[in-house]
Every structure is written in C-alpha cells, then in structure tokens.
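Worth saying up front: this structure is predicted, and the values here are computed from it rather than measured.
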Amino acid sequence: MARTNSSSGRALLALVAGLLAGCVGVQYNGQPEPVATRPSQPVLKAIALDRSLEERILALDPDRVTPQDIRDTLSKAPAPRIILLHGGVYPVHLAMTSFAHFLMGMGYPEARIKHPGDDRWSHSPYEPSERVAGMVAWFYEQEGLRPMLIGHSQGGMQAIKVLHDLAGTFTPSLPVWNPMTEKPEARTTILDPILGRDLPVVGTRVSYTSAVGAGGPSGVLPNQWSVITRIREIPDTTVQFDGFFIGIDWFAMTFTVAGVPRFVSTSGKVEVRNVVLPAGYLHVSVPTTHHLPGNAEWRRFIEDYRPTGEHPDEATMPGSYSDNILYAAENWYMIRRHWVLELQRLVRARRALPAAN
C-alpha cells in the first residue's frame, strides 16, 4: 500500500487538540519543605503482592510480554512511573497527551502516567530539569520501581538533560522534589527502597529513556544551552536509552540517515539503541497514537512487534505514516520489558528481606 499521510491523518493532531486538554509546567520559587516525606514503612513490605503473583512475575519473559501477561499478572501489580516530556511549541503537548492515551489503551495504568499533584499528562521542557530529576528520586523512593522518561522534540532534549542532572554533570547535589506539593524537600538523598540505604538524588537511575526528534535549532534556546554539546552523550543514569530519528526531520535537522550523529553511552554500560523511523513521519505529530489500540489489526501488530535493529521494517507496517505505528510499537515493546524487569527486581529484593521475628 502507498505510504502517505492521509488527509484524515494530517488532521489528526488538530482532532486531538479538539478532544484533549493539556497542562503547562508549574513554577515554584519558594522555600524547601521543612519536613521530608520519607515512607513511613519500608516500601518493599508495604507493596501488596501475594506469593502466587510474585511467582507469576518472576516467570515472565521480559522480551516476550503478551496481552495475557498484562491482563493476568502485570495489571495486578504496581507499574513504574512514566514521566512524559512534551515539545516546546504550543499545542504540541497534545501529541504527548495522545501518547498517554495510547499507553492506557494498551493496558498501562493511568495513575502511573498522570502527574499525582495536578493530573497533568506531561511536563514542559521549560520546567527546570533538576526538578524532574528530584521527582525521579521521589517516585523511586515512594514506589519502589525506577521511573521511565519519554520525551518528544524539546522534551527529548529535556529527558537527556535530566539524565545528566542525575549524573551530576552540572552540579554535585540536587534536592528531592515532591510532586504532591510542587516544592523541593530539605534533603538531597532518598532511602533506596531496594538496597535499604541512603541514595543521593545525583546517582539515582531511571529504568528506560526514550527520546524522539531531540536536537536541531531549539538547542540555541537558553533552557538547552547546558546540554546541547552533550545531546548525544548518554550517562549511566538510565538502564536503557532509545534515541529515535526521523529519516527527514526539519525540526531536528536530520536530513540523511548516514549523516545523523548517533547516541552513545559515555561509559559503554548503558544499553543504547538508535532507531531511524520512516522519512514520511512528521516531527510534530509522531507521538499521536491514541487511536491505535482501537483498531484490531493495528493493536495485534503492536502486541506482536519485536524490534529488529536500527531500521524498523517499513514493509510490514500497517496504516499510513501519520498513524506512527512503528514509533508506538517500538516504545510499547520496551515499556513492557522494563515494567517486567523492574517488578522482578522488586520481588527479588522482597524475598531477600530477613524474616520477621
């Protein structure tokens, strides 16, 4: 079939704008919270998982997560917090709102996508990145699972900047940021829920990071100055990083596949994937995917999808370019994978706890 952006597809982002409401970042310039919000009891003990559910979690293959696995096992357990980071030009945040609805349509819990303080779906790239870094630490301490970062356009640059914040690239310490009060706390460490010891915010890791369309002219904006020279360097503060390019992207200034500088792990310890999406994809609307789970053929393609390398097989792609199905399938595969890996890490830590007297 011809790979075109259909007239309905070209209007998709405008349709999303008519259906979904967006939020902007909350600014705060006050004093830190005087009282920290450490969990009142060990998180590992507080999470409700019975023995049979733990056994099912440990039996899962993170590289082969089926719809039945989600329905019968993952949906009954906690999920890692997903922090969505949208682009910088209004109303492109609606594309990331669409992606949030895609995730929910595939079975990811809404409560682990929405911001708990004000129910926004995604964060602005104009919010201080160190605030998001402090929030990553807070979520990990409170929930026991390392969060994920998903960024689009300037939001992709912001995701990479957060990784550098967590690595101490810009400053040696950062305060914990409480997303419920939207204020920093008077501490720079958390209680690692897995290891049971203090962990600085600088040094905390996320489980998975995805960035699409990061780079280009927006790097000259003041909020990106500190990271623009490091935009392809991925520090050790994420377990896996997937960097998505569009074959021809006027916004990110990538015009030929061969000429695109690839993302690299600065230490060689991070699993880094570079993925080139078809040139027919549009930078502004690539996360617009909320419509995919409702189409039985497209949903089946996404559920069965397995990443094949740097260049996804366009010949097998259903729908048109404007459906963004390869971007959705690549991300959903990795989100499921790290959902399982984080839960297995948590279960093993629970089982290593000393028996109660």
Side-chain angles (χ1 to χ4, degrees), residues 43 62 78-86 96 99-100 103 108-109 112-116 122-123 125 127-152 155-170 174-179 188-195 199-212 214 227 230-244 263-267 269-273 330-346 349:
V43 171
R81 178 73 51 175
I82 294 181
I83 300 174
L84 300 178
L85 303 156
H86 61 252
M96 196 54 91
F99 186 71
L103 295 176
Y108 210 83
R112 290 301 169 99
I113 304 172
K114 271 189 172 182
H115 183 76
S122 60
H123 291 263
E127 292 181 44
S129 59
E130 60 269 22
R131 178 181 305 178
V132 181
M135 195 184 312
V136 164
W138 190 93
F139 282 132
Y140 175 48
E141 179 183 56
Q142 299 289 324
E143 298 170 352
L145 304 167
R146 293 174 295 191
M148 307 186 204
L149 301 173
I150 312 289
H152 168 225
M157 298 177 72
Q158 180 82 333
I160 297 165
K161 192 176 177 183
V162 170
L163 296 181
H164 280 283
D165 283 321
L166 293 170
T169 301
F170 311 120
L174 291 170
V176 175
W177 183 270
N178 187 324
T188 59
T189 64
I190 61 170
L191 180 64
D192 189 317
I194 300 297
L195 301 178
L199 172 68
V201 173
V202 171
T204 303
R205 303 181 82 196
V206 299
S207 55
Y208 175 61
T209 306
S210 165
V212 61
V227 77
R230 304 176 175 90
I231 199 66
R232 302 293 185 228
E233 301 171 4
I234 307 304
D236 290 353
T237 46
T238 183
V239 176
Q240 179 177 343
F241 178 90
D242 285 358
F244 291 89
F263 293 100
V264 296
S265 168
T266 53
S267 68
K269 298 178 182 178
V270 178
E271 183 181 351
V272 173
R273 298 173 64 242
E330 288 273 347
N331 275 281
W332 182 235
Y333 179 90
M334 293 303 172
I335 288 169
R336 285 179 295 173
R337 180 174 187 254
H338 287 279
W339 189 356
V340 171
L341 289 172
E342 286 300 298
L343 278 174
Q344 290 177 339
R345 180 174 183 259
L346 182 143

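The shortest non-hydrogen separation linking Met148 to Ile335 is CE-O, 3.5 Å. Scanning all heavy atoms of the two residues, the minimum distance from Leu145 to Leu343 falls at CD2-N, 4.1 Å. The two residues Gln240 and Thr238 come nearest to each other via the heavy atoms O-OG1, 2.8 Å. The minimum heavy-atom distance between Val272 and Phe263, with the atom names listed, is CG1-O, 3.5 Å. Nearest approach of Ile194 to Ala349, heavy atoms of both residues: CG2-CB, 3.7 Å. Of all heavy-atom pairs between Ala79 and Pro109, the closest is CB-CG, 3.6 Å.
Contact check for Arg81 versus Met135: no side-chain heavy atoms found under the 4.5 Å cut-off. The closest side-chain heavy-atom distance from Phe170 to Lys161 is below 4.5 Å. Contact check for Pro179 versus His115: side-chain heavy atoms found under the 4.5 Å cut-off. Side-chain contact between Arg205 and Val239 is present, with at least one heavy-atom pair separated by less than 4.5 Å. In this structure the side chain of Val206 reaches within 4.5 angstrom of the side chain of Leu163, judged on heavy atoms. Contact check for Tyr208 versus Asp242: side-chain heavy atoms found under the 4.5 Å cut-off.
The only member of Thr189, Val176, Asp165 that meets side-chain contact (heavy atoms from CB on, under 4.5 Å) when paired with Val201 is Val176.
Of the inter-residue distances, the one linking His123 atom NE2 with Leu84 atom CG reads 8.0 Å to the nearest 0.5 angstrom. Between the CD atom of Gln158 and the NE2 atom of His86 there is a distance of 9.5 Å, given to the nearest 0.5 Å. Expressed to the nearest 0.5 Å, how far OG of Ser122 lies from CG of Leu85 amounts to 8.0 Å. To the nearest 0.5 angstrom, Tyr140 atom OH is 7.0 Å from Leu199 atom CG. Considering OG1 of Thr209 and CD1 of Ile160, their distance stands at 8.5 Å, rounded to 0.5 Å. Taken to the nearest 0.5 Å, the CZ atom of Phe241 stands 10.0 Å off from the CG atom of Leu149.
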* Asked: Where do Asp236 and Val270 land on the side-chain contact (heavy atoms from CB on, under 4.5 Å) test, with the steps shown first?
  -> CA-CA 6 Å; Asp236 290 353; Val270 178; 3.6 Å; yes
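When atom types are taken as modelled, the side chain of Trp339 and the backbone of Pro78 share a donor-acceptor pair closer than 3.5 angstrom. Side-chain atoms of Ser207 come within 3.5 Å of backbone N or O of Arg146 as a donor-acceptor pair.
Note on ring orientation: taking the six-membered ring where Trp is involved, the planes of Trp332 and Tyr108 are perpendicular (angle over 60°, cut-offs 30° and 60°).
Remark: Glu233 engages no residue in a salt bridge (Lys or Arg N to Asp or Glu O under 4.0 Å) (not counting sequence neighbours). With sequence neighbours excluded, the residues that form a salt bridge (Lys or Arg N to Asp or Glu O under 4.0 Å) with Arg337 are Asp63, Glu271.
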